[in-house]
Each structure stands twice: as structure tokens, then as C-alpha cells.
Amino acid sequence: MSKHEKIIKHIEGLAVGQKISVRKIAKYLDVSEGTAYRAIKDAGQRGLVATIDRVGTVRIEKKPRQHLDHLTFGEIAKIIEGQFIGGRSGQFKTLTKFAIGAMEVDNVVNFVSKNTLLIVGNRLDVQKAALQKGSAVLITGGFDTTDEIKRIANEKELPIISSNYDTFMVANIINRAMYNQMIKKEILVVEDIVIPIEQTSYLKDTMTVQDVRDKSNATGHSRFPVVDDYIRLTGLITSRDIMNREVTEQLGKVMTKPPISVQMHTTVASCAHLMIWEGIELLPVTGTNKQLIGVISREDVLKAMQVVGRQPQVGETINDQVAKHIEIRNNQIFVEITPQLTNQFGTLSKSVSVAIIEETIKTVMRKQKKVEVMIENLNIFYIKTVQIETEIEVRYQILDVGRSFAKIEVTMQSDQQPVAKALIMCQLLDN
């Protein structure tokens, strides 16, 4: 076992919450501080440790992939640009729902429980009641709280987060973040199918061609990742690379380099395209500083994509949301601007405006021209702010059309006033 792997094993054996120091690990395991530092960075990539402001690096509980649909309080603090004013040690706990404390204290406690985040302003009685029920607290408006409430939060390890945003904006941001997490959990990534390094066959670049043949006979595999003494990926060796080679030649001279690798967050779909495009059967998975974490094979990727193909997808894109709000009345196209289509300020963003133009054109062409549309180019040359709960009328004018293409000008208007204009070039595809 290499020094790098020994350090990782040592970190895995530490208690959750224990502080980790480069100097202490280097001294305890008799390795250089550079080696200890690289291993700790790798452990962070694997979800074994985390660095906390004013605390340092600590051992954390690695969250299984299937539970990643829940956000942690630490992640919430980042996305709302908030700060912990109490209960910092509970920042790695997850929340499953949030509530808004715009009600009487007796009613608030009926809506909060463990794994809840209560959003409230400068109401000390509500903050205290929520903590006593096991709920974390998010204080809006940039307000502080009392030392007593901070003490309760620290004792119960329940975060108190302070944010300068108002309640509406905070609730909107958190709701979007939780929805994004729901979509993410439906997307397969390398982390879901990786064969970890403990179960991976790999070789050192100082080994020889004979070692490859021996390893191949022992495992039945024909390709292996090649690493250096620090378990950093340096190449890939296959049976083709060692054909007609002397058995004493070192792998560093005959291996394929630089090797193609992927990371834990790479999508399985991307890996499939990469394997087909590059004509490869094995992809090494690397972390910080090219440390080898594991491998995935073409067989793993194909099996994963077959499984996900049979699963219902619950996540919706912006275009899916827009398509549900398109209404055609008297040959006129209308789209209602609901909260799901707005940004954190309650107005229509440019990306949603683009989605409205795309989806309305597709809908019109499908219904009136009996063709499908593939948009090749879309240029918005005028755009204006649109408020929530506004109804937009979308008008279009065909400037030029052929057998397989169309040039269309689109105008979005609200209360008879233009709010966006765009020019579209698209292909026309027969149904």
C-alpha cells in the first residue's frame, strides 16, 4: 500500500468531527507534509473531510449519493450569501423543508420540526421556539439575535444563519436550489458507477511489460491505469501498447499518455460520448492533482444508461415549464408569467424570454404548419423587464421561408407594449 493510500485509510478511520492537520498526519505516519497535504485534498474530493472557516479541516460523514437531493445548511448559507451567527457545528446537517415564520408563535411550532429551516425576521420569541422544536433558523434583513438564543443553537447544534436578503427573496432562492437538487439526483454521474481504487487493478510506471502480462493473466483484464509513487495518474496501458515489446521495458516508455480521465461529477452521458468518440473501453477517474480514485468501463456506462432509460424523470427544464403555460386563443399566443418563470427579483429573466420564444414558435409551427422546428440561430435585439403574474402575447412574422428553412421575427408584448423582439433562423422538419 502506498503512502497516499495509507493516509486515506487513516482519515477514514478518524471519528466524524475530529480535526485534521497536515503537520500532525505527516508526523504520525512518518511522511512528508507535501504528501500529507495532497492526500488530505484528495480526501476532500472523496467527501471524507471539509474545511470550515475559523475551525479548520475536519473529518465529516460521507453522504451517500442517494441522499444528495437534500441541501445542507452550509450550502444554504452560501447560496443566500449568509453567515452563521450560532450553531455552526450543525452546518453539515441537511434540511428537507423550510417554513416562513410570518405567524403567531403558537402556530409556528406546528410547522417546524427536525431538518426544517424557519425563515423569520427580528422576532426573538419565534426564533427561540423554533430552536426548541429542533428547527434551524434563518434570520432575514441582516438582523442579529441574543446571546441566549445563540447559546441554545450551539448546544443543540442547530444553525442560525443571518442574511441581508428579505424573506421573499430568500424563500425564492432556497426553493430554486431545492428544485435544482431534485433535478440533479435524476442525472447519473460517475460517482454513481465508479469502481473505487480499492477494487481497481492498476500498475506503477516503474513496472515492466512482464508485469502487465502477469496482471492481465491474474485478473483477466487487458487494460490498466498507470500511476506514479503518489498514485497520480500518468498513463494507460493496453494489450496493444505492449505488443512486440521487450518484457523488461518500463511502462513509462510504452504506455499511452497523456491519459484521458474523468472526474466524479462528470455525467455518465458525457462518458459514453467520450468513449465512443475516442474508441476507448476504460476511463480512469481522478480527483485533486490527478490522484487516481477508481475506474469506469464501457460496460458500466451502458448498463447505467439502460437503467436510467427505464426510470421516470421528475425534473423539468425551463422549456418544460414554459410549454405548460402556452395558451392559444383565437389564433393568438399567450404565456402567463408564473413564479416558476421568474428570477429572484420576481421578473422575467433573459433565459426564460429565450425559452418562451423557442417554445411558442415550436408550438405554432407544429399546430399550423404541421412541421417540427429546429432553431439554428436566435438573436434578441430588444428586451424589457416583465413582472410576475403578467400575461404576455407572442406574435410572429415569417420574413422568408423555403422547403427546409424559415426566417421569423418574433415580438413579445404586454399591455400592447413590446417587451422583447428577436430574429430566428430555423430548420423545418417534416413530422
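Since the model is a prediction, treat every value here as computed from it, not as a measurement. The residues of the chain are indexed from 1 along the displayed sequence.
- The side-chain contact (heavy atoms from CB on, under 4.5 Å) test with Val295 singles out one residue from Ile195, Leu236, Val285, Ile197, and that residue is Ile195.
- Electrostatic pairing of Lys150 and Asp144 counts as a salt bridge here, judged by a charged N lying under 4.0 Å from a carboxylate O.
- In the displayed structure, Lys93 atom NZ is contacted under 6.0 Å by more than 12 heavy atoms of other residues, nucleotides or ligands.
- Side chain of Ser162 to backbone of Phe143: a donor-acceptor contact under 3.5 angstrom is found.
- Formation of a donor-acceptor pair under 3.5 Å by the Arg232 side chain with backbone atoms of Asn289 is not found in this model.
- With hydrogens and angles disregarded, no donor-acceptor distance shorter than 3.5 Å links the side chain of Ser216 to the backbone of Val212.
- Every residue two or more places apart in sequence or in another chain was checked for a salt bridge (charged side-chain N to carboxylate O under 4.0 Å, His left out) with Arg240, and none qualifies.
- Contact record, Ile408 with Met365: CD1-CE, 3.4 Å, taken as the closest heavy-atom pair.
- By the neighbour-count criterion of 12 heavy atoms within 6.0 Å, atom OH of Tyr37 is sparsely surrounded, having that number or fewer from other residues, nucleotides or ligands.
- No side-chain heavy atom of Ile20 sits under 4.5 Å from any side-chain heavy atom of Gln18.
- The main-chain N or O of Leu251 is never found under 3.5 Å from a side-chain atom of Asp205 such that the two would form a donor-acceptor pair.
- Under a 3.5 Å cut-off, the side chain of Thr360 and the backbone N or O of Ile326 do not form any donor-acceptor pair.
- The backbone N or O of Val190 sits nowhere less than 3.5 Å from a side-chain atom of Thr266 that would complete a donor-acceptor pair.
- Closest non-hydrogen pair, Phe84 versus Gln91, comes out as CZ-CB, 3.5 Å.
- With hydrogens and angles ignored, the 3.5 Å screen pairs a side-chain donor or acceptor of Thr234 with a backbone N or O of Val226.
- Not one N or O on the side chain of Arg223 forms a donor-acceptor pair closer than 3.5 Å with the backbone of Glu281.
- Residues passing the salt bridge (charged side-chain N to carboxylate O under 4.0 Å, His left out) test with Glu12, sequence neighbours excluded: none.
- Looking at Ser135, its side chain never comes within 3.5 Å of a backbone N or O of Leu131 through a donor-acceptor pair.
- Smallest separation of non-hydrogen atoms from Asn164 and Gly142: OD1-CA, 3.3 Å.
- Glu336 is not listed as a side-chain neighbour of Glu327, based on a closest heavy-atom distance of 4.5 Å or more.
- Other residues, nucleotides and ligands contribute only 12 or fewer heavy atoms inside 6.0 Å of the CG atom of Asp415.
- Of all the heavy atoms in Val419 and Tyr382, the pair that sits closest is C-CE2, 3.9 Å.
- Minimum interatomic distance between Gly90 and Pro159 (heavy atoms only, all atoms of both residues): O-CG, 3.5 Å.
- When all heavy atoms of Lys290 and Ser261 are compared, the closest pair comes out as NZ-OG, 3.0 Å.
- Heavy atoms from other residues, nucleotides or ligands lying under 6.0 Å from CD of Glu198 number more than 12.
- Side-chain N or O atoms of Lys156 include none that pairs as donor or acceptor with a backbone N or O of Gly87 at under 3.5 Å.
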